[in-house]
Structure formats: structure tokens, C-alpha cells
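To start, the structure itself, in C-alpha cells.
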Amino acid sequence: MTFNATTVAAVAQTTTQQLYANIDFTKLSWLEQMWAAWYIWIDNPIIATGLMSFLLHEFVYFGRSIPWIIIDAIPYFRRWKLQPNKVPTAQEQWECTKMVLFSHFTIELPAIWLFHPMAENFGMSTWQVPFPSWTTMFPQIAIFFVFEDMFHYFAHQALHTGALYKHIHKIHHKYSAPFGLAAEYAHPAEVFILGTGTIAGPILYCWYTRNLHIFTVYIWITLRLFQAIDAHSGYDFPWSLQHIIPFWSGAEHHDFHHMAFTNNFSTSFRWCDRIFGTDDKYREYRARITAQKAAMKNKSKSEREEAERNLIAEIEAEGLRAEAIAEGSMPAPKSVKVQ
């Protein structure tokens, strides 16, 4: 079904009972029945979609962050923490939560609330049941992942330059050792800029194909939030996804970005950083970690931990210099020409 602005207005004036008048509920799955029941209960598709979208975002974001808060509180897991000497305090997590909630209610809530009329104007299905098949949804979600990763890569690089960094992105880099809740700890302008990559993919796809259900978008948003929170978790477990899918970024990839300031600008995948050469310092660091572990194999645990702390401190000091150069408080080093 193709929608336009007139159709959106007509739907808003139609009772949900009328919308589902020709639907045989006995042929729907339990989830599809609950979906229709939600819209019938709210009795206004625009309000129903806006409310469900915002509640989904909050439930997934904080629901996924809570396990990482618990893990941070248990010393046993420090063996897998990428920067084990930096564990967020309860005060830091509370300050982060307040900033995140501020962005959610001032930036994301209005955008989410306006999403329904805009989405249907581009031809997106919202209240309709049944849902599309998995064979339809899977390639759509894959396209959204690729689009967002490329958009984020270039937008993120731009945020590391001059005034954009000093006045916007610097807030997100407050934590050189990130934690799950800090995934959306950012200036409201950054939330809008980088969030565009998450929403623009589905909008453009829908505009071009006229074949997208908001249920698919919800799955995409859920996976994207999981990716962002896990990438900021600060932990690299043996079962983490990057050890299963080699080109997946994961926490080990993004943690270096916060620690060293430079390199690793992508979100989900590693290929943009590899193609454009913005992972050179990261790969050098991983090589040094590997060499150090081999050299310290027969050393005591305290000696190995001390060596690890020294290496992290060295990389972080380099990152502080790079940050100062980016925001203009320190001049860039002059290159020396070799005759």
C-alpha cells in the first residue's frame, strides 16, 4: 500500500477498529495480535506509534546497559576489561544517566514522535499486520547496518575537527575508558547528527522501494542500540562477536578510539577504517600488546599488569596530545622534509 500526506491525515481520523475491519485475527501470530491490540487500545495510530517507539528505545537502551553496570561492579570480570584500572564509579554512571535522559527527552522524543507521520508519508507501514517475512526483513536490516556504518564513519571524522570537536564531540570523549551507559552520552547536536545515520537509512529505503514495515525498523533500532552499548562496554570476552565475525568492530575496536582519541571512527564494521587507513595506530597498538604478552610470559602477574598499565598510559597520553591539537589548544607538529 502506498501512502501520502492525504492518506496519513485520513488514517489519523479513522478509528483503529475500522483499520482492522478486514483482518482475520485467527491467522495472526501472538505478536501480531498484540501489535494490533496496542493500536486498538490507544485508538490513535500517531500516538500509538510515537509512544511505542519511545518506550522501545528507553527499554532497550537501559535494559541493555544494566547488565554492564552489574559486570562493572563484579571484580571477577576485570580480567576481560580492556582498561582494567578504570572502572566507572556510581557517581560517574549517575551523571552519565542524567545527561543521557536529557538528550532522550529533548532530542530523541520529539524526533521519535514525528516519525510516524513522516514515515507513512514515505510509504512505511506502521499499524498494519501481518508483519513481513524474515526473508524480506533480513536484507533490509543488512542494508541499514552498512548505510549507518558508512554515514557514521564520515560524520564521526568530521566531529573530530576544530569547532565541531571543541563544542560538540568533546562531551562524548569525557570518558577515555567508556562504559555501556555512555553510548549516548553526547551533546544534543551530536545525538541529532549521528542519529541521522540510523534513521536516514530506513527513510531513504522506504522512499525508494515503498516497501518497509516499522516492525523491521524496530528490530534494526534494537540491534543498533545493542551494538552501540556493547561497543562502549569496555569488555572484550572470548565469546564477543568480533571473535566470531572478524570484520565486526566491537568493544575492543572502539575502546581504542576513546583511549587514543584517533583511529577507529566506524561503528559496526572495521572495513571503512581499514580502507581509508584510519586504523594504523590501532593495529600498531594490538601488535605491541601481542609482543608484550609474549615477552612477559614468564613474568609475575603484577609485572604483567604493570607493563599493561604503562602501555595504556602511553597511548592515552598520545591521545590527549591529539585531542589538544584537534581542538586548537596545541599546535600540530611540523613535518620535517628529508633532503
Side-chain angles (χ1 to χ4, degrees), residues 81-86 145-146 148-166 168-180 182-187 190 193-194 197 227-236 240-243 245-293 308-333 335:
K81 187 160 177 60
L82 291 157
Q83 299 184 59
N85 59 320
K86 292 186 178 182
F145 261 111
V146 173
E148 191 282 332
D149 187 73
M150 294 184 67
F151 181 97
H152 189 105
Y153 176 81
F154 292 107
H156 190 182
Q157 270 199 310
L159 287 172
H160 270 256
T161 58
L164 288 176
Y165 179 77
K166 185 175 182 178
I168 297 178
H169 192 50
K170 184 179 177 70
I171 292 175
H172 184 67
H173 273 270
K174 176 180 179 179
Y175 304 107
S176 60
F179 47 95
E184 291 186 354
Y185 180 86
H187 189 285
E190 178 175 344
I193 293 168
L194 297 183
Q227 180 277 321
I229 294 165
D230 290 0
H232 287 83
S233 69
Y235 288 87
D236 181 32
S240 294
L241 193 56
Q242 65 265 24
H243 299 300
I245 304 175
F247 54 83
W248 186 257
S249 294
E252 182 256 359
H253 192 258
H254 192 68
D255 197 87
F256 180 82
H257 174 77
H258 277 263
M259 179 174 64
F261 182 76
T262 57
N263 272 206
N264 299 1
F265 296 100
S266 59
T267 51
S268 300
F269 309 115
R270 297 176 181 237
W271 49 53
C272 279
D273 285 299
R274 180 57 60 89
I275 291 170
F276 295 104
T278 50
D279 66 347
D280 54 338
K281 292 182 176 62
Y282 160 74
R283 287 187 286 116
E284 178 185 335
Y285 170 72
R286 295 312 306 176
R288 290 180 65 183
I289 286 284
T290 301
Q292 186 182 81
K293 286 182 177 180
E308 182 180 4
R309 284 194 295 269
N310 290 339
L311 179 56
I312 290 174
E314 178 186 336
I315 298 300
E316 189 173 357
E318 292 176 2
L320 290 172
R321 287 193 293 272
E323 180 183 29
I325 292 170
E327 63 181 349
S329 59
M330 178 184 291
S335 58

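When a residue number appears, it is its place in the shown sequence, counting from 1. Computed from a prediction, not measured in an experiment: that's the story for all the values here.
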Handout entry: Min side-chain heavy-atom separation His169-His187 under 4.5 Å
Key = no
Practice task
Answer with yes or no whether the side chains of Tyr285 and Glu314 bring together a donor and an acceptor at under 3.5 Å.
Solution key: no
Handout entry: pair Tyr175-Lys86: side-chain heavy atoms closer than 4.5 Å
Key = no
Practice task
May I ask you to decide if Ser249's main-chain N or O and Arg270's side chain share a donor-acceptor pair within less than 3.5 Å?
Solution key: yes
Problem - Derivation and outcome, side chain to side chain contact (heavy atoms under 4.5 Å, CB included), residues Asp149 and Trp271 - result: CA-CA 10 Å; Asp149 187 73; Trp271 49 53; 3.8 Å; yes
Fill in the blank from the handout: Correct closest heavy-atom pair for Ala155 and Leu194 would be CB-CD2, 3.7 Å
Completion exercise
Between the CG atom in Leu159 and the CD atom in Glu190, the distance rounded to the nearest 0.5 Å is 5.5 Å
Problem - Crowding at NZ, Lys81 (>12 non-hydrogen neighbours, <6.0 Å) - result: yes
Practice task
Mind checking salt bridge (charged side-chain N to carboxylate O under 4.0 Å, His left out) for Asp230 and listing every partner two or more places apart, or none if nothing turns up?
Solution key: Arg64
Problem - No-hydrogen, no-angle side-chain donor-acceptor test under 3.5 Å, Thr267 and Glu148 - result: yes
Handout entry: Asn263 and Asp273 side chains, donor-acceptor separation under 3.5 Å
Key = no
Problem - Side-chain heavy-atom pair Gln292, Leu311 within 4.5 angstrom cut-off - result: yes
Exercise for the section: Return the minimal non-hydrogen interatomic distance between Ser266 and His253, and the atom names on each side. Expected result: OG-CE1, 3.9 Å
Problem - Gap between atom CD1 of Ile312 and atom CD of Gln83 - 0.5 Å precision - result: 5.5 Å
Handout entry: Nearest-0.5 Å distance that lies between atom OH in Tyr153 and atom OG in Ser268
Key = 15.0 Å
Problem - Ring-ring centroid check His172 His232, cutoff 6.0 Å - result: yes
Problem - Under-4.0 Å salt bridge between Glu308 and Lys293 - result: no
Handout entry: Side-chain heavy-atom pair Ile315, Arg288 within 4.5 angstrom cut-off
Key = yes
Handout entry: Nearest heavy atoms of His160 and Ala326, plus distance in Å
Key = O-CB, 3.6 Å
Exercise for the section: List the steps and the verdict of side chain to side chain contact (heavy atoms under 4.5 Å, CB included) for Phe256 and Arg286. Expected result: CA-CA 10 Å; Phe256 180 82; Arg286 295 312 306 176; over 6 Å; no
Practice task
May I ask you to check whether Phe265 and Phe276 place their ring centers less than 6.0 Å from one another?
Solution key: no
Practice task
Compare all side-chain heavy atoms of Tyr165 with those of His173 and state whether any distance is below 4.5 angstrom.
Solution key: yes
Exercise for the section: Kindly state whether the ring of Tyr185 and the ring of Phe179 have centres lying under 6.0 angstrom apart. Expected result: no
Handout entry: Straight-line distance of Gln157 CD to Thr262 OG1, nearest 0.5 Å
Key = 11.0 Å
Problem - Glu318 vs Phe261 side-chain heavy atoms within contact, under 4.5 Å - result: no
Problem - Side-chain heavy-atom pair Trp248, Gln227 within 4.5 angstrom cut-off - result: yes
Handout entry: Rounded distance (nearest 0.5 Å) linking atom CG of Asp236 with atom CG of Asp255
Key = 9.0 Å
Handout entry: Side-chain (Ser233) to main-chain (Tyr235) donor-acceptor, under 3.5 angstrom
Key = yes
Practice task
Take the angle between the ring planes of His254 and His257 and call it parallel below 30°, perpendicular above 60°, tilted in between.
Solution key: parallel
Practice task
Measure the CD-CD1 distance between Glu284 and Ile289 for me, rounded to the nearest 0.5 Å.
Solution key: 12.0 Å
Problem - Test item: Tyr282 and Glu252 side chains (from C-beta on) under 4.5 Å apart, heavy atoms - result: yes
